[in-house]
Amino acid sequence: MLDIKSIRDNPEIFDQGWGRRGLAPQTPAILELDGRRRACQTRLQELLARRNDASRQIGEAKRKGENADALMAEVATLKTEIPRLEEEERQSAAELDSLLAGLPNLPAADCPDGPDETANVEVRRWGTPPNFDFKPREHFEIGEALGMMDFAAAAKLSGARFVVLKGALARLERALGAFMLDLHTSEHGYREVSPPLLVRDEAMFGTGQLPKFAADFFRTTSEHSLIPTAEVPLTNLHLGDILDEDKLPLRYTALTPCFRSEAGAAGKDTRGMIRQHQFMKVEIVSLTTPETAEAELARLTGCAEEVLRRLGLAYRVVMLSTGDMGFSSRKTYDIEVWLPGQGQFREISSCSHFGDFQARRMKTRYRPAAGKETRFVHTLNGSGLAVGRTLIAVLENYQQVDGSVIVPEALRPYMGGLERIIAHG
RNA sequence: GGAUGGGUGGCCGAGUGGUUUAAGGCACCGGUCUUGAAAACCGGCGUGGCGGCAACGUCACCGUGAGUUCGAAUCUCACCCCAUCCGCCA
């Protein structure tokens, strides 16, 4: 949610920013509604003031036993006008709110302009993709051959886009999650959280999933939503709060299942476990002051990259173009891991800086150490990392010609010392 | 699912129809005093609209919405949320 006052002051900046995301100018409609709303409010308050004044005089007159009929008649005429103005004011306010709530954040100045992912800009690479003296297989071929990745069983239970992991692969998923959490909590200063997976609309609104993207996640009959990412509960931990500056930055991490309906993804990544309705993910979230947010994005992205470095997986970092960025984001770096089976880099993390866009929706403010005016915090988050896709990367990068998979050094303590995953006999 | 209690400013908390411009306290900010600090005292201290260069003035806002009334934080109804107890349950 963007600030109506800023929009009033500098409409051209907003239209320009939205224009970079491919939107037509929005401010004429916004300013028109805003003007209408304020005009109604002004007129309404004039009438209310007059009514209150008259009512006071009526009370006084009655106490003195005087006649107040004229005043009462005047109030009666005001009462036909007031409800009409109230209704008009409420309606234009609601229209303005829903218009603003549906508009995306402005991209940062250094985001590359472009219509989609083809305009993303690679900013760095780490590691070298492994060489194979055989044709590397895709993760689902490896997993099924091991007898530990069962799409048929998942289809019976739940349908398409689900998977059953068994044996060492089930443990590998658990090991990856534990490894990532340990890294972020003990070395990167994030506080581990075990949050609810079902949240209210209020929380989904706060981080920007609602009102626009209701089709992307699942809803229960209890009017809860299943979280599409732990970003939702972690960021909304401070919904409505006013924090002291010395509490910032706040850094949280959580390992949770994530649920996505993948509406509109028909035909994309239908094989394997790249794109699922349910997957495990470690999320990292920071709440900061405006001054430190940009540095925090670099730090947070580095924390996510560190997971891949420890696992010895080659990756690159790309800065998303204005056409590929998420709704709430002002700037996003994607981390893409090398997948030998596919012969390409695939997204494994998305690290974003939201400015005060989410904080305005959540009403999360802080009180600066100097001065007492509250300010909105800045929020950031990133995957650190998507566990399912990391599992895919481990399988494809560490696969052996005999179909076995070497367990990366860093994960062995979490696998009971296991060095190699071999087929279930 | 059933019952009861409750939602007032950053926090606590008073307030059951018109001297409430929302008491009082805490926290915070400025000042007086002090070698400095603390204490004490004085003042300030929410959000939004409108007018004004500004100081400031003014109006609205007591969970949300509707209603009663000349007038509602206060009365009525509906809804939302929180707490406690009972039932069920990992």
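Chain letters run A, B, ... following the sequence lines, proteins first, then strands; residues in each count from 1.
G7(B) and G15(B) have their C1' atoms separated by 15 Å, with the value rounded to a whole Å. Nucleotides C50(B) and G18(B), compared at atom C1', are 26 Å apart to the nearest Å. Here, G5(B) and C89(B) have their C1' atoms 25 Å apart, quoted to the whole Å. A gap of 27 Å separates the C1' atoms of U84(B) and U76(B), to the nearest Å. Look at the P atom in both A14(B) and G6(B): the space between them is 12 Å, to the nearest Å.
To the nearest angstrom, P of A27(B) lies 16 Å from NZ of Lys247(A). Rounded to an integer number of Å, the gap from Leu243(A) CG to C11(B) P is 12 Å. Between the CG atom of Asp244(A) and the C1' atom of G10(B) there is a distance of 9 Å, rounded to whole Å. Nucleotide C81(B) holds its P atom 9 Å from the CD atom of Glu202(A), rounded to whole Å. Here the P atom of nucleotide C80(B) and the CG atom of Leu239(A) are 19 Å apart, to the nearest Å.
With both pairing distances under 3.5 Å, U4(B) is matched to A83(B) as a Watson-Crick or G-U wobble pair. Pairing of G46(B), defined by two Watson-Crick or G-U wobble distances under 3.5 Å, is identified with C61(B). Nucleotide C70(B) is matched to G18(B) when pairs are restricted to Watson-Crick or G-U wobble geometry with both distances under 3.5 angstrom. Checking C41(B) for Watson-Crick or G-U wobble geometry (two distances, each under 3.5 Å) identifies G31(B) as its partner.
The residues Glu262(A) and Arg161(A) are annotated as not salt-bridged, no charged nitrogen and carboxylate oxygen being separated by less than 4.0 angstrom. Taking a cutoff of 4.0 Å between a charged side-chain nitrogen and a carboxylate oxygen, Arg346(A) and Glu396(A) do not qualify as a salt bridge.
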Using the 3.5 Å cut-off, write out each protein N or O paired with an N or O of nucleotides 46-49 of chain B and the distance between them.
from	atom 1	to	atom 2	distance (Å)
G48(B)	OP1	Lys5(A)	NZ	3.4
G48(B)	N2	Gln45(A)	NE2	3.4
G49(B)	OP1	Arg8(A)	NH2	2.9
G49(B)	N3	Gln45(A)	OE1	3.3

Between protein and nucleic acid, restricted to nucleotides 88-90 of chain B and to nitrogen or oxygen atoms under 3.5 Å apart, what atom pairs and distances do you find?
none

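Distances shorter than 4.0 Å separate none of the side-chain N or O atoms of Arg367(A) from OP1 or OP2 on C11(B).
Partners of Thr292(A) under the side-chain contact (heavy atoms from CB on, under 4.5 Å) rule, at least two apart in sequence or in another chain, are Thr288(A), Thr289(A). With sequence neighbours left out, the ring-ring contact (aromatic ring centres under 6.0 Å, His included) criterion links His353(A) to His378(A). With sequence neighbours left out, Cys258(A) forms a side-chain contact (heavy atoms from CB on, under 4.5 Å) with Thr256(A), Phe279(A), Lys281(A). Remark: Leu255(A) engages Leu181(A), Met280(A), Val282(A), Val387(A) in a side-chain contact (heavy atoms from CB on, under 4.5 Å) (not counting sequence neighbours).
Sorted by first and then second residue, the pairs that involve residues 321-332 of chain A and meet salt bridge (charged side-chain N to carboxylate O under 4.0 Å, His left out), not counting sequence neighbours, are Asp110(A)-Lys331(A), Glu294(A)-Lys331(A). The stretch residues 225-250 of chain A participates, sequence neighbours left out, in these ring-ring contact (aromatic ring centres under 6.0 Å, His included) pairs: His238(A)-Tyr252(A). Residue pairs meeting the side-chain hydrogen bond (donor to acceptor under 3.5 Å, both in side chains) criterion with at least one member in residues 14-24 of chain A, sequence neighbours excluded: Asp15(A)-Thr27(A), Arg20(A)-Asp113(A).
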